[in-house]
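Encoded as structure tokens, the structure appears first; notes follow it.
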Amino acid sequence: MWPCKRTMVVFVVLLSAIISTVTINKVPYDQFKHLMNNSMVEQLFHEEPCACMEKCLAASDDEWFTEHFRQDVPPLLSLNNSVLPDNIYAWWQSLQSTKSKASYSKVIQQLFSVIPGEGHYRDAGPSRCRTCAVVGNSGNLVGSFYGPLIDSHDFVMRMNKAPVEGYEKDVGSRTTHRIIYPESAVHLDNTTHLVLLPFKTLDIQWVTSALTDGTIKRTRFKVIDKLKANKDKVMVIHPGFMHYVHTKWLNIKSRRSYPSTGFLVLMFALHICDEVNVFGFGANSKGTWDHYFEKMPKSFKRTGKHSGGIERQTILKLQERQLINIYTGW
Ligand code: C5P
């Protein structure tokens with residue numbers, strides 16, 4: 001297999017330089033051999049980890065990043081990876097209590113009788129340069145004019161109910177992935193991937209039901225019972241991935257908290273993209289959690305079940321180390 005485009009370009013330039021040096025200066029054979037041995041030439045035959053010009057995220061040699069990042073943890077459930085070790089299952093079950101006593105393995109079987117069971121996005125390599133925009137719902141998007149920039153990414157990931165219509169100039173118009181949980185679901189078009197964030201077994205039961213007979217009408221709250229979405233494009237975040245983000249990236253021991261949607265989506269992007277740009281993240285200094293599409297009540301604080309402080313610090317660290325870019329509005 002040929003090396004990637006960048007390697008090819010370097011190869012052609014270097015080869016021409018060597019040929020002209022040899023022919024113009026009549027360089028003796030041993031000097032030519034020395035030229036061929038230098039490290040730049042060696043680099044020609046070293047395959048790049050991805051095809052992006054700037055950097056390849058997963059291949060970063062940043063020490064802090066490599067301590068945390070685990071390429072081997074699958075971000076999405078598939079037929080072959082759904083079994084959960086006891087400790088992870090127990091942690092996941094503790095996130096949101098429900099009365100459902102359904103067997104996890106049966107629920108998974110039913111899920112994959114409705115949506116595709118194969119693995120996704122385990123395709124990192126020298127010919128891939130996948131750019132991703134992670135679009136949070138912050139009010140800092142208002143007046144940003146980020147729309148065209150967001151739309152220029154290969155993947156545009158949005159969350160929960162965040163609308164696009166009427167906000168295109170600031171938030172863009174494309175959505176390749178919409179990450180939701182049952183209580184935050186909206187109907188999707190045929191081209192968008194629905195990515196379910198399951199916080200309990202009932203959430204997986206809900207997606208199966210919502211794509212078929214619509215028997216589940218309530219999880220923690222009343223939910224959409226029949227969802228418009230392309231079944232072939234539905235994916236489910238792996239509970240083991242959520243546990244890995246919770247313990248490895250946020251280093252949280254408490255059972256009472258778990259990562260927020262935005263942080264999990266950012267981590268998902270980090271594991272399936274080569275370049276990640278982040279938009280619409282950040283509460284204001286008072287901790288108010290405005291959305292770009294609605295004002296939140298003054299009393300609304302983002303506390304509850306997420307460790308906002310540690311998440312924010314981790315996101316800032318990713319930016320400081322130039323692993324992601326954060327666009328904060330103007
Ligand atoms: O509010 P909601 O959970 O729908 O927002 C989705 C994500 O967008 C959050 O988890 C958070 O990461 C991000 N967000 C933010 N600042 C806001 C609102 C949302 O960072 N003011």
Side-chain angles (χ1 to χ4, degrees), residues 75 95-96 132-144 146 150 153 155-167 170-172 175-188 192-200 203 219-221 223-224 237 241-242 245-246 249-250 252 257-271 273 276-319 323-330:
L95 302 186
Q96 291 183 0
C132 296
V134 174
V135 188
N137 296 345
S138 169
N140 72 17
L141 281 166
V142 176
S144 67
Y146 285 150
I150 290 175
H153 291 76
F155 285 1
V156 179
M157 302 181 181
R158 301 187 194 273
M159 292 159 222
N160 303 336
K161 296 179 192 285
V164 166
E165 226 183 293
Y167 301 92
D170 291 333
V171 309
T175 307
T176 60
H177 297 72
R178 185 172 287 272
I179 295 86
I180 51 117
Y181 43 92
E183 299 84 3
S184 75
V186 284
H187 296 294
L188 303 187
T192 304
H193 289 280
L194 183 164
V195 183
L196 175 75
L197 259 183
F199 292 107
K200 48 195 175 301
D203 293 353
T219 53
R220 289 204 299 170
F221 315 112
V223 287
I224 295 180
I237 296 282
F241 183 76
M242 296 163 77
V245 171
H246 179 72
W249 281 93
L250 300 175
I252 293 173
S257 75
Y258 53 87
S260 69
T261 305
F263 193 77
L264 282 165
V265 177
L266 171 58
M267 286 292 136
F268 174 53
L270 223 55
H271 287 72
C273 309
V276 174
N277 296 309
V278 178
F279 303 83
F281 270 55
N284 69 21
S285 56
K286 293 186 188 107
T288 320
W289 207 236
D290 265 353
H291 287 152
Y292 67 82
F293 49 92
E294 64 185 353
K295 281 255 166 289
M296 304 301 273
K298 274 216 165 70
S299 57
F300 188 86
K301 290 260 183 339
R302 180 188 181 250
T303 48
K305 289 260 179 186
H306 311 306
S307 301
I310 303 175
E311 291 190 0
R312 207 166 27 256
Q313 281 163 24
T314 311
I315 295 172
L316 290 176
K317 214 160 176 178
L318 284 166
Q319 182 182 37
L323 294 155
I324 59 170
N325 299 311
I326 306 178
Y327 292 81
T328 52
W330 307 108

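Quick caveat: nothing in here was measured; it's all calculated off a predicted structure. We count ligands from 1, going down the list as the structure has it; atoms in each ligand are counted the same way.
Looking at Asp170, its side chain does come within 3.5 Å of a backbone N or O of Gly143 through a donor-acceptor pair.
Looking only at side-chain heavy atoms (C-beta outward), Ser184 and Met159 stay at 4.5 Å or farther from each other.
In terms of heavy-atom proximity, Gly282 sits nearest to Asn140 at O-ND2, 4.3 Å.
With a heavy-atom cut-off of 4.0 Å, Asn140 does not touch ligand 1 at all. Contacts between Asn137 and ligand 1 below 4.0 angstrom, taking non-hydrogen atoms only, involve backbone and side chain alike. If you look at His291 next to ligand 1, the close heavy atoms, those under 4.0 Å, all belong to the side chain.
Across Asn160, Ile179, Thr261, Leu264, heavy-atom proximity to atom 3 (O) of ligand 1 is greatest for Asn160.
Close contacts between ligand 1 and Gly136 involve ligand atoms 8 (O) [criterion: under 4.0 Å to a heavy atom]. Ligand-side atoms of ligand 1 in range of Gly282: 15 (C), 16 (N), 17 (C), 20 (O), 21 (N), range being under 4.0 angstrom from any heavy atom.
For Phe241 and His271, the ring centers are positioned less than 6.0 Å apart.
A donor-acceptor contact under 3.5 angstrom links the side chains of Thr175 and Arg158, judged on distance only.
Checked by distance only, ligand 1 and Gly262 come closer than 3.5 Å through their nitrogen or oxygen atoms.
In this pair, Phe199 and Tyr258 present their aromatic rings tilted. The plane angle is within the 30 to 60° band.
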